[in-house]
Amino acid sequence: MANDNKKFQAIISHCKEYGYIFPSSEIYDGLSAVYDYGEWGSELKKNIKDYWWKSMTQMHENIVGIDAAIFMHPTTWKASGHVDNFSDPMIDNKDSKKRYRVDHLIENFAEELEEKGESDRAKKLLEEMDRLLAASDYEGLKQLIEQNKIKCSVSGTAHWTDIRQFNLMFSTQLGSVTEEANEIYLRPETAQGIFVNFLNVQKTSRLKIPFGIAQVGKAFRNEIVARQFIFRMREFEQMEMQYFIRPGTQKEWYAFWKAERMKWHQSLGIGPEKFRFHDHVKLAHYADAACDIEYEFPIGFKEVEGIHSRTDFDLRNHQQYSKKKMQYFDSEINQNYIPYVIETSIGLDRTVLMVLSEAYREEDLSTADKQDSRVVLAIPPRLAPIKLAILPLVKKDGLPEIARQIMDQCKPWFRCFYEEKDTIGKRYRRMDAIGTPFCVTVDQQSKEDGTVTIRYRDSMQQDRIEISRIKEIVEKQIF
RNA sequence: GCGGAAGUAGCUCACCCGGUAGAGCGAUAGCUUCCCAAGCUAUAGGUAGCGGGUUCGAGUCCCGUCUUCCGCUCCA
């Protein structure tokens with residue numbers, strides 16, 4: 001497994017230096033695990049989002065998109081299992097510094113009691129634990145641990161910190177008057193916005209199973225340790241698609257979407273050797289099959305996208321909590337059922353990092369008599385923030401005027417950048433560093449025959465082309 | 001959260017045993033330049049992360065605090 005931390009740090013610096021990604025609130029010392037996208041980073045992110053959206057919705061006639069709110073009714077998170085599964089009380093041993101989930105610690109101790117034949121005591125202990133957990137009585141739980149002299153298996157001591165609650169979800173108040181406010185959560189995943197709209201979308205779109213609903217949006221998770229740049233952030237963006245299918249067909253649709261999504265990743269111009277599937281052995285509470293698509297980042301293979309066979313877990317729970325029938329009438333087989341779901345869920349920020357990791361290159365261009373190097377972002381043209389730079393070779397003799405005309409011709413169609421400062425070589429290298437795939441340069445000959453040179457970022461090769469063909473040549477590469 | 005290291009100009013760093021900050025690159029303005037960074041001139045930019053202590057005097061020594069990085073821990 002590659003672990004090139006130097007390259008990873010270089011990418012982080014490059015992102016900050018060239019307007020891609022800044023630490024959040026940096027003038028106030030920053031905010032841990034939160035980042036802001038700068039002028040070029042936001043363009044790249046948007047281009048990736050658009051490309052995903054188009055390939056999922058426009059290219060699949062049976063998939064439509066929605067944009068659900070971040071705020072959702074609190075019961076949503078009861079139904080999804082997030083409230084019960086991800087708000088665990090934790091306790092640390094002061095000697096070994098090891099952290100335990102309180103319920104795991106006590107359960108393990110109860111098992112030991114069982115083995116020693118003290119099953120009565122074990123049973124009473126677990127009952128007491130459940131009662132205290134239900135009441136969120138952390139003082140009582142700590143006393144329970146201390147009374148039973150439960151020890152840390154590493155240090156062998158019973159020297160514990162106070163119990164603290166670890167909440168996966170961020171909460172806030174809905175309503176302007178605090179005392180009357182209801183506590184609600186910032187969504188920890190976008191999927192539930194799709195599930196709670198299942199009936200609405202099915203009815204209005206008139207789509208028949210199998211069909212999908214896609215969504216791009218922010219989600220929020222309180223990670224215990226959130227580091228590794230934009231790979232793990234507290235506020236992040238997901239691109240998700242839930243595909244509703246007939247029960248019993250989940251195996252084939254799971255295989256279909258695995259293959260389909262892998263194709264998408266490779267369509268970004270990234271070689272197949274940089275990806276792998278990681279099948280989950282231990283499945284989440286909602287899944288009957290799950291895998292990740294992992295990309296080989298400079299810090300090793302890491303998850304970019306998850307593909308989960310979610311069964312009817314979510315819709316069934318929403319039916320139970322909402323008392324609304326989450327059913328679909330399948331006229332082909334003349335049956336009502338709760339659809340099964342295959343989920344594809346890709347991290348947008350992780351995809352940005354993947355594209356940047358793949359694109360970042362430090363090249364040594366030295367020749368016998370001159371040392372030379374460049375840093376280039378070889379971003380696929382269709383995702384690059386700026387598509388075309390327009391450069392007058394010198395800023396006199398009427399060259400800027402011609403360049404300005406080209407600028408005006410091209411800028412309605414794709415993002416262009418005009419620059420007349422510094423030597424031409426310097427301008428080329430600046431464009432390399434922010435990943436601009438094409439530069440056209442206006443010179444004396446342009447005045448005579450209406451041609452310019454086009455310079456390609458990756459090869460640094462140049463061709464002479466007619467000004468009238470610039471738009472067509474660039475557009476061919478970016479769609 | 002724990003342990004280790006570091007925090008001086010936008011970036012990379014210097015200031016040797018404490019005497020009130022300097023370079024290169026970058027940026028900006030101009031000059032030069034007919035095709036691939038490091039040609040010339042000028043300008044801007046730092047109360048040395050923050051707070052306290054020792055001292056006649058602290059970027060330099062001590063303490064605290066914050067942030068970042070590395071390792072461990074956690075992660076449907």
Side-chain angles (χ1 to χ4, degrees), chain A residues 3 5-6 8-10 12-14 16-19 22-33 80-82 84-88 90-101 104 154 161 164 166 168-169 188-189 191 221-229 231-232 234 280 282-287 290 292 299 302-303 306 308 310 313 343 345 363-367 370-376 391-397 399 420-433 439-447 452-457 459-464:
Chain A
N3 198 334
N5 200 55
K6 258 182 88 176
F8 195 58
Q9 294 309 325
I12 295 170
S13 308
H14 191 86
K16 195 184 153 197
E17 202 58 21
Y18 289 93
F22 308 122
S24 161
S25 321
E26 202 188 8
I27 61 168
Y28 295 110
D29 275 341
L31 187 61
S32 183
S80 70
H82 284 83
D84 294 331
N85 284 293
F86 303 109
S87 57
D88 306 314
M90 317 283 273
I91 193 165
D92 295 352
N93 184 273
K94 286 182 183 168
D95 300 310
S96 67
K97 314 291 184 197
K98 199 150 164 53
R99 170 172 291 170
Y100 295 89
R101 270 175 59 170
H104 288 177
V154 177
T161 63
R164 277 170 298 190
F166 168 67
L168 173 100
M169 293 190 287
E189 64 174 21
R221 293 181 200 179
N222 218 342
E223 307 280 358
I224 296 175
V225 180
R227 266 188 277 186
Q228 299 178 304
F229 196 40
F231 185 81
R232 174 165 291 154
R234 296 207 156 101
H280 290 198
K282 207 182 109 204
L283 293 168
H285 61 276
Y286 52 73
D292 299 332
I299 49 173
K302 302 269 183 191
E303 176 190 357
H308 292 195
R310 289 182 84 123
F313 176 88
E343 167 188 274
S345 173
E363 290 179 354
D364 183 5
L365 304 173
S366 298
T367 55
K370 195 184 172 204
Q371 281 249 321
D372 196 6
S373 65
R374 71 165 180 165
V375 175
V376 54
L391 317 169
L393 190 58
V394 293
K395 55 179 165 189
K396 57 179 184 187
D397 302 336
L399 302 189
E420 58 183 34
K421 195 179 150 43
D422 289 318
T423 61
I424 191 69
K426 233 174 186 169
R427 283 179 275 166
Y428 284 152
R429 298 304 171 83
R430 262 203 291 266
M431 287 299 110
D432 290 340
C439 297
V440 293
T441 301
V442 178
D443 56 17
Q444 295 294 345
Q445 195 185 328
S446 308
K447 293 201 291 191
V452 292
T453 57
I454 183 166
R455 181 256 195 193
Y456 301 98
R457 176 194 63 200
S459 64
M460 297 169 72
Q461 297 292 311
Q462 287 174 279
D463 288 332
R464 190 117 210 142

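Every chain is numbered from 1, with letters handed out A, B, ... down the list of sequences.
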Quick note, A:Ile424 side chain, CB onward, closest among B:rA37, B:rC35, B:rA76 is B:rC35
In short, A:His308 meets A:Ala290 closest at the heavy-atom pair CD2-CB, 3.6 Å
Main chain of A:Asp372, side chain of A:Ser366: is a donor-acceptor contact present, judged purely on distance under 3.5 Å? yes
Whole-Å distance separating the CD atom of A:Glu343 from the C1' atom of B:rA76: 10 Å
Return the nucleotide paired to B:rG45: Watson-Crick means purine N1 to pyrimidine N3 with N6-O4 or O6-N4, wobble means G-U with N1-O2 and O6-N3, both under 3.5 Å. none
Taking the P atom in each of B:rC61 and B:rG1, what is the distance between them to the nearest angstrom? 28 Å
So what does A:Ser13 touch, heavy atoms closer than 4.0 Å: a base, only the sugar-phosphate, or nothing? nothing
Calculate the interatomic distance between A:Lys16 atom NZ and B:rC11 atom P; express it in whole Å. 5 Å
A:Thr423 side chain: which of B:rC35, B:rA29, B:rU33 is closest? B:rU33
With P as the reference atom in both, quote the distance from B:rC63 to B:rG3 in angstrom, rounded to an integer. 15 Å
On RNA chain B, check which nucleotide each of A:Glu17 and A:His280 is closest to and give me the residue with the more 5' one. A:Glu17
Could you give the distance separating B:rA14 and B:rU28 at their P atoms, to the nearest angstrom? 27 Å
5' to 3', nucleotides 4-9 of chain B under a 4.0 Å protein heavy-atom cut-off (B base, S sugar-phosphate only, - none) gives ------
Nearest 0.5 Å, please: how far is CG in A:Asp397 from CG in A:Asp443? 11.5 Å
When both hydrogen-bonding distances must be under 3.5 Å and the geometry is Watson-Crick or G-U wobble, what is B:rU20 paired with, if anything? none
Roughly how far apart, to the nearest Å, are B:rG26 and B:rA37 at atom P? 12 Å
Whole-Å gap separating P (B:rG26) and OH (A:Tyr18): 9 Å
Exam field: side chain A:Lys447 to backbone A:Val442, donor-acceptor pair closer than 3.5 Å: no
In whole angstrom, give the distance that lies between atom CD1 of A:Ile12 and atom P of B:rC69. 7 Å
When rounded to the nearest Å, what value does the distance between C1' atoms of B:rA38 and B:rU12 take? 15 Å
Watson-Crick or G-U wobble mate for B:rU55, both contacts under 3.5 Å: none
Between A:Pro188 and A:Arg429, whichever has its closest RNA chain B nucleotide further toward 5' is A:Arg429
Please confirm whether the shortest side-chain N or O distance from A:Lys426 to OP1 or OP2 of B:rU33 is below 4.0 Å. no
Between atom CG in A:Asp422 and atom P in B:rC25, what is the gap in whole Å? 13 Å
Does A:Arg221 reach the main-chain N or O of A:Arg234 with its side chain, forming a donor-acceptor pair under 3.5 Å? no
Separation of the C1' atoms in B:rC66 and B:rA27, to the nearest angstrom: 30 Å
May I ask you to evaluate whether A:Gln9 reaches the phosphate of B:rC70, defined as a side-chain N or O under 4.0 Å from OP1 or OP2? yes
Looking at A:Arg310 and A:Glu189, is there a salt bridge between them, counting it only when a charged N and a carboxylate O are closer than 4.0 Å? yes
Any donor-acceptor N/O pair, A:Arg427 side chain to A:Leu393 backbone, under 3.5 Å: yes
Determine which nucleotide pairs with B:rG64, using a 3.5 Å limit on both distances of a Watson-Crick or G-U wobble pair. B:rC50
Where the side chain of A:Asp372 is defined as all heavy atoms beyond and including C-beta, which of B:rC36, B:rA76, B:rC35 is the nearest nucleotide? B:rC36
Are the charged groups of A:Arg374 and A:Asp364 less than 4.0 angstrom apart, N to O? no
Between B:rA76 (C1') and A:Arg232 (CZ): distance, integer Å: 12 Å
With rounding to the closest Å, how many angstrom separate the P atoms on B:rU33 and B:rA44? 28 Å
Smallest separation among heavy atoms of A:Ser80 and A:Phe313, with atom names: O-CE2, 3.6 Å
Using Watson-Crick geometry (N1-N3 plus N6-O4 or O6-N4) or G-U wobble (N1-O2, O6-N3), each under 3.5 Å, B:rC69 is paired with B:rG4
Could you work out which one of B:rG10, B:rC35, B:rA76 sits closest to the side chain of A:Tyr428? B:rC35
Identified pairing partner of B:rA14, criterion: Watson-Crick or G-U wobble below 3.5 Å: none
Scan A:Gln462 against the nucleic acid and name what it touches under 4.0 Å (heavy atoms): base, sugar-phosphate only, or nothing. base
Which nucleotide in the list B:rA27, B:rA37, B:rA29 gets nearest to the side chain of A:Ser373? B:rA37
Search all heavy atoms of A:Arg232 against all heavy atoms of A:Ala33 and return the closest pair with its distance. O-CB, 4.2 Å
To the nearest Å, give me how far apart CG (A:Leu391) and P (B:rC36) are. 13 Å
To the nearest Å, give me how far apart NZ (A:Lys395) and C1' (B:rU32) are. 11 Å
When you get a sec, tell me which of B:rC36, B:rA29, B:rU33 is the closest nucleotide to the side chain of A:Arg455? B:rC36
In the structure shown, which nucleotide is the Watson-Crick or G-U wobble counterpart of B:rC40, with both distances under 3.5 Å? B:rG30
